[in-house]
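Inspection log for the structure reproduced underneath, given as structure tokens.
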2 protein chains.
Amino acid sequence: MARLQNRPGAGRRRVSHSMDSVLTEAVALLDEAGVPALTFRALAERLGGGVASIYWYVANKEELLDRATDHVIGAVLADVEKLPATGDPIDDLRAMAMTLFDAIVDRPWLGPYFMRNTNIQGNSLRMYERLGRETLRLDLDARQRFHAVSAVVGVVVGSAVDMGQEPPKEVLDGAVDREEFLGRYAQAWRELDPAEFPFVHEIVEEFDGHDDVDQFRSALELTLAGLRLQAGA
Amino acid sequence: MARLQNRPGAGRRRVSHSMDSVLTEAVALLDEAGVPALTFRALAERLGGGVASIYWYVANKEELLDRATDHVIGAVLADVEKLPATGDPIDDLRAMAMTLFDAIVDRPWLGPYFMRNTNIQGNSLRMYERLGRETLRLDLDARQRFHAVSAVVGVVVGSAVDMGQEPPKEVLDGAVDREEFLGRYAQAWRELDPAEFPFVHEIVEEFDGHDDVDQFRSALELTLAGLRLQAGA
DNA sequence: CACAGCATCGAACGTTGTTCTATCGTAGCG
DNA sequence: CGCTACGATAGAACAACGTTCGATGCTGTG
């Protein structure tokens, strides 16, 4: 029996891709089941082509993730630019941060990759610029402006990472919903010694069933209040 | 020739471990070269034993990372508890957050895993309690306290994640130092169109050679200022 | 029609987390 | 002293992954 070894490209119908189709399908996989679902094999199957072809468009998986991230940030940037200006830079900053956060709520996989490599992520850089431009209207020096934007981005990413950590996988399967997952945690907290954990007992009812968006908004509000104070506005 | 297949445990001298030795060596690997360096095979070799033995102590890699994280957070917690109380809860909160952040600066791999699973991470939970206890002395309601601690932890983790992202690997190899790595980024930014990126140009000199600790401290200060305002103190 | 080079592809490689099953070593017991 | 049960250890095998290799198809240009 003849060995058909090392005869690549024989038999199968060829398929032609494009950077855009690669990223679109990559994002689709990420949306469906997060980062673990984005494998070169799964992506190739979805594109109807071979695994190695993808390497013509991206050098490695890291670049694939960076480009996929920037791909969706492009749409978010468009949303941000459509936001009406209120005249108050801090109000505008809040609106932009909320828009950005909403996007990450929709796509929890975004969190860890957002703003990771502005060389590749051109839209992320534009987003950074857009946020920073608001600080130009505040009475701050360059360093304060730099730190202010870093702080706002930090709040967004910090909350996003906190949220984005996949619940062991029962939730992804749909076997257990988020509510129950949180509830189990809360129950474990309630059973702690109240003398040793007074604070945890104080807030456990707030934690149980809490809304991530509320949590984020509060954190953002604290930062913005501090910023307003700093700018004397 | 006799096949020596499927005769495990034959020949090699047996080694006995302990939860503590497993975690200590795991942390050593993480400290040396980050998360990618912590493989079950590398860890087994370091312990002088077999790969599968580690699975008697932890169910999987996730749990290994959670336990390793909590292992070092235990030491940080001890540092935090040694901190002198100033009488001002917000000043104490700042000191604790700084201590926590310093630990993450020393061990960048900590960032993404800190506070991930308080079921396993008992020390992280105690740290959370410790931070929260300061808010009990502020004039806030339970929800505000919950959000305040979340915000502070968010700032720490957000900055830590931002910092912890391994520079492509030239820096890890020591071929390029952090200074030059930042400088290259800054250079790329300087070459952008000033009309399109006025903010980036405004802050590029601040970015170049900036100190992560400064950046973190500023973000923390904004949050704490907002908190002080909220508590009316 | 030949050629160049862009784009695609199957197969193979090395590494990883994890599981399977066999084995060792000792504490308890008669 | 021997036997047994069980806590603990171990090598080999497996499936999945990212990545590389070299060959092959396709298409526009001369």
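FYI, side chains are in, hydrogens and waters are out, and symmetry mates aren't considered; it's all heavy atoms of this structure. Proteins get letters first, then strands, A, B, ... in listed order; numbering begins at 1 in each.
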Over how many whole Å does the gap from [X] atom [atom1] to [N] atom [atom2] extend?
X: B/M19; N: D/dG7; atom1: CE; atom2: C1'; value: 16 Å
X: A/E45; N: C/dC9; atom1: CD; atom2: P; value: 13 Å
X: B/L65; N: C/dT16; atom1: CG; atom2: C1'; value: 14 Å
X: B/L47; N: D/dT9; atom1: CG; atom2: P; value: 10 Å

Query - NZ/NE/NH1/NH2 to OD/OE distance under 4.0 Å, A/E206 and B/R145 - result: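 Result for this pair is no, no salt bridge flagged.
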
Checklist line | Nearest-nucleotide pick for A/S53, side chain only, options being C/dC6, C/dC9, D/dA8 | finding: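 Taking heavy atoms from C-beta onward, the closest nucleotide is C/dC9.
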
Could you please name the option among D/dA10, D/dA8, D/dG25 that lies closest to any side-chain atom of B/W56?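 Selected nucleotide: D/dA8.
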
(Q) With a 6.0 Å cut-off on the ring centroids, do B/W189 and A/Y128 count as close? (A)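 Centroid distance B/W189-A/Y128: below 6.0 Å, so yes.
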
Does any part of the side chain of A/L64, heavy atoms only, come nearer than 4.5 Å to the side chain of A/L23, both counted from C-beta?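 In short, these two side chains touch, coming nearer than 4.5 Å.
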
| query | Within the structure, does a side-chain N or O atom of A/H17 lie under 4.0 Å from either OP1 or OP2 of C/dC9? | reply |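 True: A/H17 side-chain N/O within range (under 4.0 Å) of C/dC9 OP1/OP2.
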
Between N or O atoms, less than 3.5 Å apart, protein on one side and nucleotides 17-20 of chain D on the other: list the pairs.
| residue | atom | partner | partner atom | Å |
| --- | --- | --- | --- | --- |
| D/dG18 | OP1 | A/K61 | NZ | 2.6 |
| D/dG18 | OP2 | A/F40 | N | 3.1 |
| D/dG18 | N7 | A/R41 | NH1 | 2.9 |
| D/dG18 | O6 | A/R41 | NH2 | 2.6 |
| D/dT19 | OP2 | A/Y55 | OH | 3.2 |
| D/dT19 | OP2 | A/K61 | N | 2.8 |
| D/dT19 | O5' | A/Y55 | OH | 3.4 |

Distance-only donor-acceptor test (3.5 Å): side chain A/R14, base D/dC26: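 No such pair is found, so the answer is no.
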
Dump the intermediate steps for salt bridge (charged side-chain N to carboxylate O under 4.0 Å, His left out) on B/R41 and B/E45, then the final yes or no. CA-CA 6 Å; B/R41 285 169 178 82; B/E45 189 160 6; over 6 Å; no

Can a donor-acceptor pair be found between the side chains of B/Q187 and B/R184 at a distance below 3.5 Å?
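No, no side-chain donor-acceptor pair sits under 3.5 Å.
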
Check your understanding: Passes salt bridge (charged side-chain N to carboxylate O under 4.0 Å, His left out), B/D211 versus B/R217? Steps please.
Key -> CA-CA 10 Å; B/D211 182 9; B/R217 184 178 252 282; over 6 Å; no

